[in-house]
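Pasting a structure below so you can have a look.
Here, residue 1 is the first one in the sequence, and each next residue gets the next number.
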Amino acid sequence: MKKLSIALVGAGQIGRQHADLLTNNNRACLSAIVDITPEASAFAKQKGVLYFETLTALLANHKPDGIILATPNSFHVAEALLCAQAGIPALIEKPLADTVEAGEYLVRKLLETKTPMLVGHHRRYGSALQTAQKYIADGHLGTLVTLIGSSQFYKPDAYFEEGPRRKEQGGGPILINLIHEMDNLRFLCGEITFVQAMASKAVRKFAVEDTVVLSLRFASGMLGTFTLSDTAVLPMSWEQTSGEDKAYAGPSNHGITDCYYIAGTHGSLAIPSLRTWQYEGERNWWSALRTGQLIKDETDPLVSQLNHFCDIIDAKATPMVTPADALASLRVIQAVQQAIRKGE
């Protein structure tokens, strides 16, 4: 069976990860790379695929079955619209856009076309989130009451030296990391309707935040707290507890297995380990709790996302994460930024 041809726009770190996934996929192959840098040209030659400096040049000379947009956030809207006008489905890396206003414009314009667009909130494809979401939706926790969440880790100095923009506004953990977490929490617990937040840059003293603490209210009435820091030596982040990305030391190294705890009126759930707690009989804080363990598969969310994108191209599926859905996660991030700025 002929493989689907996928063009990659953006040959940075995440783009190259997509390129490697395409090299090893049995349904799709990398057909072209679009990026203006000399390094990208050499990378395309290494991969043995077509090379173009711009997306416009690609569309004028080559029509792939699908396109992956792994470019800076501010490029996403214009590039997604070019793909839509050409009738080519696109996988847009998250976040959807660099601002809510730009994201709203993209969502409106995409209503004028039937070309499907998928946004790359890839964690949703992992077995841990899928299993947890179903367990919660099936009512095992009862009415959701509280959430405790964490994304704390230590980024080395080299991370900032390699990308000086990471020291400036827009390059901190709110846009880089928190967008993942808020999308996870929306997927698990429903819409976030209210945010309070405080931020600090006291440790690194960059122009951008290094630590943030949030209070959240969900549409269901559940309340939550969330701590984010890229300067804390505490392996309590999704990457370090889920084991989905083997580039990070996992629980077998440090022993911490969870970064979210969700509690309801009839039970609680730790994620991503999927440990559960419920009473055997009467719910009573003096009584012993029964500990359970949900089963999850060892799946690679990025591989599952790529296979889903292939299904979309083949008209066998509709996007799991639509631009409108991804926009809702971006709105939460904007609310966090506004709460920090205004103290409201």
Discussion item. Quick check: closest heavy atoms across Ala84 and Thr115, and the distance to 0.1 Å?
Written reply: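 Scanning both residues, the minimum pair turns out to be O-OG1, 3.2 Å.
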Worksheet item: With a 4.5 Å heavy-atom cut-off, do Gln334 and Glu101 have their side chains touching?
Response: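 Side-chain contact under 4.5 Å: yes.
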Practice prompt. Answer yes or no: is there a side-chain heavy-atom contact under 4.5 Å between Gln169 and Phe206?
Written response: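 SC-SC contact between Gln169 and Phe206 ruled out.
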Worksheet item: In the single-linkage hydrophobic clustering (I, L, V, M, F, W, Y; side-chain heavy atoms under 4.5 Å), do Val119 and Ile176 co-cluster?
Response: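 They do not share one cluster, since no chain of ILVMFWY contacts under 4.5 Å joins Val119 to Ile176.
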Discussion item. What's the separation between atom CG in Leu118 and atom CG in Leu91, rounded to the nearest 0.5 Å?
Written reply: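 Going from CG on Leu118 over to CG on Leu91, the span is 5.0 Å.
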Fill in: Residue of the set Pro89, Cys29, Ser31, Cys83 for which side chain to side chain contact (heavy atoms under 4.5 Å, CB included) holds with Pro64
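For Pro64, the side chain to side chain contact (heavy atoms under 4.5 Å, CB included) test succeeds with only one of Pro89, Cys29, Ser31, Cys83, which is Ser31.
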Discussion item. Side chains of Tyr159 and Asp230 only: does a donor on one sit below 3.5 Å from an acceptor on the other?
Written reply: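 Per modelled atom types, Tyr159 and Asp230 side chains form no pair under 3.5 Å.
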Item to complete: Drop me the distance from Leu147's CG to Phe218's CZ, to the nearest 0.5 angstrom.
Response: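 Rounded to the nearest 0.5 Å, the CG-CZ separation comes to 5.0 Å.
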Discussion item. Regarding Asp98 and Ser74, do their side chains bring together a donor and an acceptor under 3.5 Å, going by distance alone?
Written reply: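 Ser74 and Asp98 do not have a side-chain donor-acceptor pair below 3.5 Å.
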Discussion item. Could you walk me through whether Asp325 and Arg186 satisfy the side chain to side chain contact (heavy atoms under 4.5 Å, CB included) test, starting with their C-alpha distance in whole Å, then the side-chain angles of each, then the deciding distance to 0.1 Å, before giving a yes or no?
Written reply: CA-CA 10 Å; Asp325 190 0; Arg186 289 184 52 249; 2.8 Å; yes
Fill in: Any Lys201 side-chain heavy atom under 4.5 Å of Val208 side chain
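Answer no - side chains too far apart.
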Discussion item. With clusters defined by side-chain heavy atoms of hydrophobic residues (ILVMFWY) lying less than 4.5 Å apart, directly or transitively, does Leu4 cluster with Leu50?
Written reply: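 Yes, because Leu50 and Leu4 connect within a single hydrophobic cluster, where side-chain heavy atoms sit under 4.5 Å apart.
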Worksheet item: Transitively linked via ILVMFWY side-chain contacts under 4.5 Å: Val195 with Leu144?
Response: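 Yes, Val195 and Leu144 fall within the same hydrophobic cluster.
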Discussion item. Run the side chain to side chain contact (heavy atoms under 4.5 Å, CB included) test on Asn25 and Asn307 for me, step by step, so that the C-alpha distance in whole Å, both residues' side-chain angles and the decisive distance to 0.1 Å come before the verdict.
Written reply: CA-CA 8 Å; Asn25 192 273; Asn307 290 331; 3.1 Å; yes
Worksheet item: Judged by modelled atom types alone, do Asp65 and Ser5 share a side-chain donor-acceptor pair under 3.5 Å?
Response: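 Yes, a side-chain donor-acceptor pair sits under 3.5 Å.
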Worksheet item: Which pair of non-hydrogen atoms, one from Leu106 and one from Ala80, has the smallest distance, and what is that distance?
Response: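 In terms of heavy atoms, the two residues are closest at CD1-CB, 3.9 Å.
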Fill in: His140 and Leu294: CA distance, side-chain angles, deciding distance, side chain to side chain contact (heavy atoms under 4.5 Å, CB included) verdict
CA-CA 12 Å; His140 294 288; Leu294 306 182; over 6 Å; no
Item to complete: Output yes when a side-chain donor or acceptor of Thr257 lies under 3.5 Å from a complementary backbone atom of Pro251, and no otherwise.
Response: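 Side chain of Thr257 to backbone of Pro251, a donor-acceptor pair under 3.5 Å: no, none is there.
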Worksheet item: Atom OG1 of Thr322 and atom CG of Leu110: how far apart are they, to the nearest 0.5 Å?
Response: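 So the gap between those two atoms works out to 10.0 Å.
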Worksheet item: Just by distance, do the side chain of Lys342 and the backbone of Ala339 share a donor-acceptor pair under 3.5 Å?
Response: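 Judged by distance alone, no pair lies under 3.5 Å.
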Worksheet item: Taking Glu244 for the side chain and Gly126 for the main chain, is one N or O donor matched with an acceptor at less than 3.5 Å?
Response: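 No, because the side chain of Glu244 does not come within donor-acceptor range (under 3.5 Å) of the backbone of Gly126.
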Item to complete: With sequence neighbours excluded, give me every side-chain hydrogen bond (donor to acceptor under 3.5 Å, both in side chains) pair touching residues 40-60.
Response: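 The answer is Asp20-Lys47, Thr23-Lys47.
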Worksheet item: Are any non-hydrogen side-chain atoms of Ile262 and Cys189 less than 4.5 angstrom apart?
Response: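 Of all side-chain heavy-atom pairs linking Cys189 with Ile262, at least one is under 4.5 Å.
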Worksheet item: Just by modelled atom types, is the Ser273 backbone N or O under 3.5 Å from a matching donor or acceptor in the Asp258 side chain?
Response: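 Yes.
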Discussion item. Please report the interatomic distance CD(Glu239) to OG(Ser151), rounded to the nearest 0.5 Å.
Written reply: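 So the CD of Glu239 and the OG of Ser151 are separated by 6.0 Å.
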Item to complete: Compare every heavy atom of Pro272 with every heavy atom of Cys259, then report the nearest pair and how far apart it is.
Response: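 Result for this residue pair: N-CD, 3.9 Å.
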Practice prompt. Decide yes or no on side chain to side chain contact (heavy atoms under 4.5 Å, CB included) for Leu274 and Ile295, but give the supporting numbers first.
Written response: CA-CA 7 Å; Leu274 302 184; Ile295 304 301; over 6 Å; no
Discussion item. Taking Thr211's backbone N and O only, do any of them form a donor-acceptor pair with Ser229's side chain (distance below 3.5 Å, no angle check)?
Written reply: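 Side chain of Ser229 to backbone of Thr211, a donor-acceptor pair under 3.5 Å: no, none is there.
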Worksheet item: For Gln293, does the CD atom have more than 12 heavy-atom neighbours from other residues, nucleotides or ligands under 6.0 Å away?
Response: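 Counting other residues, nucleotides and ligands, CD of Gln293 exceeds 12 neighbours.
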Discussion item. Could you tell me if the side chain of Arg123 sits less than 4.5 Å from the side chain of Lys94, heavy atoms only?
Written reply: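 The answer is no; the side chains never approach within 4.5 Å.
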Worksheet item: Between the side chain of Ser127 and the main-chain N/O of Asp297, is any donor-acceptor distance below 3.5 Å?
Response: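 Yes.
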Practice prompt. Working to the nearest 0.5 Å, report the span between OG1 of Thr193 and CZ of Arg331.
Written response: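 If I round to the nearest 0.5 Å, the distance is 14.0 Å.
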Practice prompt. Determine, for Phe160 and Arg204, whether the Lys NZ or Arg CZ falls below 6.0 Å from the six-membered ring centre while staying within 45 degrees of the axis.
Written response: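 No cation-pi geometry.
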Worksheet item: Can Ile68 be reached from Val303 by stepping across I, L, V, M, F, W or Y side chains whose heavy atoms are under 4.5 Å apart?
Response: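 Same cluster.
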Worksheet entry | Distance in Å, Lys296 NZ paired with Gln130 CD, rounded so as to fall on 0.5 Å steps |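 Answer rounded to 0.5 Å: 13.0 Å.
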Item to complete: Give me the ring orientation class for His121 and His180: parallel if the planes are under 30° apart, tilted from 30 to 60°, perpendicular past 60°.
Response: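 If you compare the ring of His121 with that of His180, the planes turn out perpendicular.
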Worksheet entry | salt_bridge(Lys155, Asp210) N-O dist < 4.0 Å |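 Answer for the salt bridge query: no.
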Item to complete: Treating Ile, Leu, Val, Met, Phe, Trp and Tyr as nodes and any side-chain heavy-atom pair under 4.5 angstrom as an edge, say whether Tyr260 and Tyr125 lie in one connected cluster.
Response: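 Yes: a chain of side-chain contacts under 4.5 Å links Tyr260 to Tyr125.
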Discussion item. Does any part of the side chain of Phe226, heavy atoms only, come nearer than 4.5 Å to the side chain of Met182, both counted from C-beta?
Written reply: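 Yes, at least one pair of side-chain atoms sits under 4.5 Å.
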Worksheet item: Between Gly120 and Glu93, what is the shortest heavy-atom contact and its length?
Response: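 Taking Gly120 first and Glu93 second, the nearest heavy atoms are O-OE1, 3.9 Å.
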Worksheet item: Thinking salt bridges, do Glu168 and Arg165 make one under a 4.0 Å N-O criterion?
Response: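 No.
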Fill in: N/O donor-acceptor pair under 3.5 Å between His18 side chain and Ala70 backbone
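No.
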Discussion item. Would you say CZ of Arg217 has more than 12 non-hydrogen atoms from neighbouring residues, nucleotides or ligands within 6.0 angstrom?
Written reply: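 Count not over threshold, so no.
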Worksheet item: Hey, does Leu228 have a side-chain heavy atom less than 4.5 Å from the side chain of Glu181?
Response: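 No, too far: nothing below the 4.5 Å cut-off.
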Worksheet item: Are any side-chain N or O atoms of Arg166 and backbone N or O atoms of Gly171, one a donor and one an acceptor, separated by less than 3.5 Å?
Response: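 No; judged by distance alone, with no hydrogens or angles, the pair does not exist.
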Fill in: Pair Phe153 + Tyr248: ring centers closer than 6.0 Å
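That pair fails the under 6.0 Å test.
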Worksheet item: How close do Ile256 and Thr241 get, heavy atom to heavy atom, and via which atoms?
Response: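 Closest heavy-atom pair between Ile256 and Thr241: O-CG2, 3.6 Å.
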Practice prompt. Give the minimum heavy-atom separation between Leu96 and Pro323, together with the two atoms involved.
Written response: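 Heavy atoms only, the tightest pair is CD2-O, 3.4 Å.
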Worksheet item: Are any of the side-chain heavy atoms of Phe309 and Arg27 separated by less than 4.5 Å?
Response: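 A side-chain contact is absent here, since even the closest heavy-atom pair is not under 4.5 Å.
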